[in-house]
Participant: 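Once you've had a glance at the structure underneath, I'll fire off some questions.
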Amino acid sequence: MSAQVPPGGFAAPKGIPEYVGPEFTAVRDTLVREADRAGYAHIELPVFEDTALYARGVGESTDVVSKEMYSFDDRGGRSVTLRPEGTAGVVRSVIEHGLDKGGLPVKLRYAGPFFRYERPQAGRFRQLQQVGVEAIGVDDPALDAEVLAVADAGFRALGLRGYRLEITSLGDATTRPQYRAELTRFLEKLDLDEPTRERARINPLRVLDDKRPEVRAQLEGAPLMVDHLSDEAAAHHAAVKRYLDDLGVAYVENPWMVRGLDYYTKTTFEFVHDGLGSQSGIGGGGRYDGLMAELGGPALSGVGFGLGVDRALLACRAEEAGHEAAGRVEVFGVPLGESAKERLIGIVGALRRAGIRADLAYGNRGLKGAMKAADRSGARYALVLGDRDLEAGEIQLKDLADGSQTAIALDGAAAAVDRALSGS
RNA sequence: GUGGGUGUAGCUCAGUUGGCAGAGCACUGGGUUGUGAUCCCAGGUGUCGCGGGUUCAAGUCCCGUCACUCACCCCA
């Protein structure tokens, strides 16, 4: 087998966005920062896991597991899967390393790529980027509210305004089976197409958020989970809402909301943005009180979210929010001739050692071209050095914003530039 | 997995009933080896997504295929 360059050249695998420049990391790091502020510790996890972890944790019947996973056998014959979501891996790690043996709750946050084999679309990718948090081991509605507040703070820190937080409660194991049976009886009487009937058989809840008007009309009067909560789940839900008010986090209740992952219980939520087209969810999550036990650990509760970094970035673009392009560097060197180049290389090195972002016109370009490069770099100052300056023992410090230029001593030039940058 | 739309220069796109492949922007150099956003000049070897067909002649018409894209579905 001899590998060839394909016609048209190599391309990234289907459905994978690539980000060049500071925009992506700025969005991701802003979301992460709010989790850090609330005391969530970073956890770095494997990008692939035992396939069974997701089958058991996320649920065999979910679309994510049944048709969207990147699964393959490794060379040792083990079935592994590129992670489609973050919670199962975090919970596995907590159980495996006994992280729950210390102080509770265990508060962790993560960021990185996830993988789902789906047809790409606006805001939907096969490699998607998420920032997430998990709070495990304390069953307190105040933790649900904290998790929601962290996500909301992240979006607000990005400058986003055109989104809303929708919440509901999916109840708990004590009343969900009865509710499910009642909903199934309701759905059986409706006039639905075969794919939808199939969905109703697999997970009747999922039919509730069908977008088609003809289906929505029939759903009028459908039994809702929020009306069938156990006393405990109802009290929990009411408490979450009170704490959200205390935190100043705005929300709307959406009793038709459904989650596609099986582990959710009680509080579930979604952040919805209106400027993104069809894939409008920029974040989602909820409580998962049975998951620790389901994966072989102690019966501890948990709550968390996943935020879509790709979609948050699209939302920023849609709102034209924030991220004014800060310059790549602060200082740009313009050498005229070889001896000036050697001297400037040293000065740029000294600037970098002093923590100043600095670059240089490479390629022995003409003065005009080098100045153009300086302009494009976004630098505050250009340092112009030629034979004339070398003889005079000076270097020209040019303020690129107002065009003014002053000669400074060549010796100690880096320190002088440092002072110029910090002095204004 | 199912539909619709689109594939022409690095980017955004024109390209008429089939008749020499274009514009703007960007980029590089020069006008001005001592000054960047303006101005002027110069600079394009594009598998016209790919493969086949029709034709004297195909970017244009036909068939196939791939990619991208939007929507269904699903979810971050």
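This structure is a prediction, so every number in the text was calculated from the model and none was measured. Every chain is numbered from 1 and lettered A, B, ... according to where its sequence line falls, protein lines coming before strand lines.
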Participant: Donor-acceptor pair under 3.5 Å: do we get one between A:Arg116's side chain and the base of B:C74?
Facilitator: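 Check fails, no donor-acceptor contact within cut-off.
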Participant: Nearest whole angstrom, please: distance from the P of B:A76 to the OH of A:Tyr163.
Facilitator: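 The answer, rounded to whole Å, is 18 Å.
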Participant: Determine the interatomic distance between C1' on B:G30 and the same-named atom on B:C56; round to the nearest Å.
Facilitator: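 So the two C1' atoms sit 46 Å from each other.
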Participant: Could you check, using the six-membered ring where one of them is a Trp, whether A:Tyr264 and A:Tyr288 have ring centers closer than 6.0 angstrom?
Facilitator: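 No: the rings miss the under 6.0 Å criterion.
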Participant: Just call it for A:Ala374: base, sugar-phosphate, or nothing, with non-hydrogen atoms closer than 4.0 Å on any strand.
Facilitator: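 Nothing, no nucleic acid heavy atom in range.
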Participant: Which part of the nucleic acid, if any, lies within reach of A:Asp210 when heavy atoms closer than 4.0 Å are counted: base, sugar-phosphate only, or nothing?
Facilitator: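 Contact class for A:Asp210: sugar-phosphate only.
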Participant: Can you find a donor-acceptor N/O pair under 3.5 angstrom joining the side chain of A:Arg259 to the base of B:C74?
Facilitator: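 Flag unset: no donor-acceptor pair detected.
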Participant: Figure out the NZ/P separation between A:Lys67 and B:U2, and round it to whole Å.
Facilitator: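 Interatomic distance, NZ of A:Lys67 to P of B:U2: 12 Å.
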Participant: Please say whether the positively charged group of A:Arg83, taken as NZ for Lys or CZ for Arg, lies over the ring of A:Tyr54, i.e. under 6.0 angstrom from the six-membered ring centre and within 45 degrees of the axis.
Facilitator: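 No, cation not above the ring by the 6.0 Å, 45° rule.
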Participant: Between A:Glu134 and A:Lys107, does any side-chain N to carboxylate O distance fall below 4.0 Å?
Facilitator: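 So A:Glu134 does not pair with A:Lys107 through a salt bridge.
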Participant: Could you check how far CD of A:Glu68 sits from C1' of B:C72, rounded to whole Å?
Facilitator: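 In whole Å, B:C72 C1' and A:Glu68 CD are 14 Å from each other.
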Participant: For this output row, return yes or no: ring centroids of A:Tyr163 and A:His273 closer than 6.0 angstrom.
Facilitator: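 No; A:His273 has its ring centre 6.0 Å or more from that of A:Tyr163.
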Participant: Closer to the 5' end of RNA chain B via nearest nucleotide, is it A:Tyr117 or A:Phe125?
Facilitator: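 On the 5' side of the pair lies A:Tyr117.
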Participant: Taking N and O atoms by type only, does the side chain of A:Gln405 place a donor or acceptor under 3.5 Å from a partner on the base of B:U35?
Facilitator: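 Between B:U35 and A:Gln405, which were checked side chain against base, a qualifying N/O pair under 3.5 Å is present.
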Participant: Tell me if the side-chain of A:Arg119 makes a donor-acceptor pair with the base of B:U2, cut-off 3.5 Å, by modelled atom types.
Facilitator: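 Side chain to base: pair present.
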Participant: Can you build the contact string for nucleotides 36-42 of chain B? Use B for base contact, S for sugar-phosphate-only contact, and - for no protein heavy atom under 4.0 Å.
Facilitator: BB-B---
Participant: Quick one about A:Gln396 and A:Tyr381 (side-chain donor to acceptor, distance below 3.5 Å, no hydrogens or angles considered), yes or no?
Facilitator: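 Per modelled atom types, A:Tyr381 and A:Gln396 side chains form no pair under 3.5 Å.
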Participant: What distance, rounded to whole Å, do you find between the two C1' atoms, one in B:C39 and one in B:A57?
Facilitator: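 45 Å, rounded to whole Å.
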Participant: Rounded to whole angstrom units, what separation is found between the CD atom of A:Glu391 and the P atom of B:G34?
Facilitator: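 So the two atoms are 14 Å apart, to the nearest Å.
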Participant: Who does B:U60 pair with, Watson-Crick or G-U, both distances under 3.5 Å?
Facilitator: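 Base partner found: none.
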Participant: Using the P atom in both, what is the distance from B:A23 to B:G44, to the nearest Å?
Facilitator: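 My reading of the P atoms in B:A23 and B:G44 gives 11 Å.
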Participant: How far does the C1' atom of B:C75 sit from the matching atom of B:G24, given to the nearest Å?
Facilitator: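 The answer is 40 Å between these two C1' atoms.
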Participant: Rounded to whole Å, how long is the line connecting atom CZ of A:Arg365 with atom C1' of B:U33?
Facilitator: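 Spelled out: CZ on A:Arg365 to C1' on B:U33 is 14 Å.
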Participant: Rounded off to whole Å, could you give me the CG-to-P distance for the A:Asp193 and B:G1 pair?
Facilitator: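 Nearest whole value for this atom pair: 20 Å.
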Participant: Taking A:Arg343 first and then A:Asp411, would you say they form a salt bridge - that is, a charged N and a carboxylate O separated by under 4.0 Å?
Facilitator: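 Yes, this pair counts.
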Participant: Describe the nucleic acid contact of A:Gly132 in one word from base, sugar-phosphate, nothing, applying a heavy-atom distance below 4.0 Å.
Facilitator: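 If one applies the 4.0 Å heavy-atom cut-off, A:Gly132 turns out to touch nothing in the nucleic acid.
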Participant: Got a salt bridge between A:Arg352 and A:Glu330, using NZ or NE/NH1/NH2 to carboxylate O under 4.0 Å?
Facilitator: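 No, A:Arg352 and A:Glu330 are not salt-bridged.
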Participant: Using the P atom in both, what is the distance from B:C72 to B:C13, to the nearest Å?
Facilitator: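 Per the computed distance, 23 Å lies between those P atoms.
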Participant: Can you tell me the Watson-Crick or wobble partner of B:U32, both distances under 3.5 angstrom?
Facilitator: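 No nucleotide pairs with B:U32.
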Participant: Using atom C1' in both nucleotides, what's the gap between B:U12 and B:G7 to the nearest angstrom?
Facilitator: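 That atom pair is separated by 14 Å.
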Participant: Distance between the C1' atoms of B:U8 and B:G59, in whole angstroms?
Facilitator: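 About 7 Å, rounded to a whole number of Å.
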Participant: Indicate, with a heavy-atom threshold strictly under 4.0 Å, whether A:Gly386 touches base, sugar-phosphate, or nothing.
Facilitator: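 If one applies the 4.0 Å heavy-atom cut-off, A:Gly386 turns out to touch a base.
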Participant: Considering every strand shown, what is the Watson-Crick or G-U wobble mate of B:U47 when both distances are under 3.5 Å?
Facilitator: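 By the stated definition (distances under 3.5 Å), nothing pairs with B:U47.
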Participant: Checking all strands, does A:Leu128 fall into the base, sugar-phosphate, or nothing category for heavy-atom contacts under 4.0 angstrom?
Facilitator: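 Since a base atom lies under 4.0 Å of A:Leu128, the category is base.
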Participant: Looking for any heavy atom pair under 4.0 Å, which part of the strands does A:Arg388 touch: base, sugar-phosphate only, or nothing?
Facilitator: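 A:Arg388: base contact, heavy atoms under 4.0 Å.
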Participant: Both A:Lys14 and A:Leu390 contact RNA chain B. Taking the nearest nucleotide for each, which residue is further toward the 5' end?
Facilitator: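 Residue closer to the 5' terminus by nearest nucleotide: A:Leu390.
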Participant: Between B:C73 and B:U65, how far apart are the two P atoms, rounded to whole Å?
Facilitator: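 Their P atoms lie roughly 27 Å apart.
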Participant: How would you label the contact of A:Phe271 with the nucleic acid (heavy atoms, under 4.0 Å): base, sugar-phosphate, or nothing?
Facilitator: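 No contact at all - A:Phe271 keeps every heavy atom at 4.0 Å or more from the nucleic acid.
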Participant: Between the base of B:C74 and the side chain of A:Gln121, is there any donor-acceptor pair under 3.5 Å?
Facilitator: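 A donor-acceptor contact between them is absent.
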Participant: Can A:Arg126 and A:Glu118 be counted as an ion pair, charged N to O under 4.0 angstrom?
Facilitator: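 Looking at A:Glu118 together with A:Arg126, the answer is no, because their closest N to O distance does not fall below 4.0 Å.
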Participant: What's A:Arg199 touching, base or sugar-phosphate or nothing? Going by heavy atoms closer than 4.0 Å.
Facilitator: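 Sugar-phosphate contact only.
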Participant: Where the side chain of A:Val384 is concerned, which of B:G34, B:C70, B:G1 is the nearest nucleotide?
Facilitator: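 Of B:G34, B:C70, B:G1, B:G34 is nearest to the side chain of A:Val384.
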Participant: According to the interplanar angle, ranging from 0 to 90°, do the rings of A:Tyr117 and A:Tyr70 count as parallel (below 30°), tilted (30 to 60°) or perpendicular (above 60°)?
Facilitator: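 The rings of A:Tyr117 and A:Tyr70 stand perpendicular, inter-plane angle above 60°.
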Participant: Under a 3.5 Å cut-off for both distances, is B:U2 Watson-Crick or wobble paired, and to whom?
Facilitator: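 Paired with B:A71.
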Participant: Checking base pairs now: Watson-Crick or wobble, both atom distances under 3.5 Å. What partners B:U16?
Facilitator: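 Paired with no nucleotide.
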Participant: Between side-chain atoms of residues 358-369 of chain A and protein atoms elsewhere (two or more places apart, or another chain), which donor-acceptor pairs fall under 3.5 Å?
Facilitator:
| from | atom 1 | to | atom 2 | distance (Å) |
| --- | --- | --- | --- | --- |
| A:Asp359 | OD2 | A:Arg328 | NH2 | 2.5 |
| A:Asn364 | OD1 | A:Lys341 | NZ | 3.1 |
| A:Arg365 | NH2 | A:Gly369 | O | 3.4 |

Participant: Now, which nucleotide makes the Watson-Crick or G-U wobble pair with B:G10, with each of the two distances under 3.5 Å?
Facilitator: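 With both distances under 3.5 Å, B:G10 matches B:C25.
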Participant: Separation of A:Met69 atom CE from B:C74 atom C1', in whole Å?
Facilitator: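 Nearest whole value for this atom pair: 15 Å.
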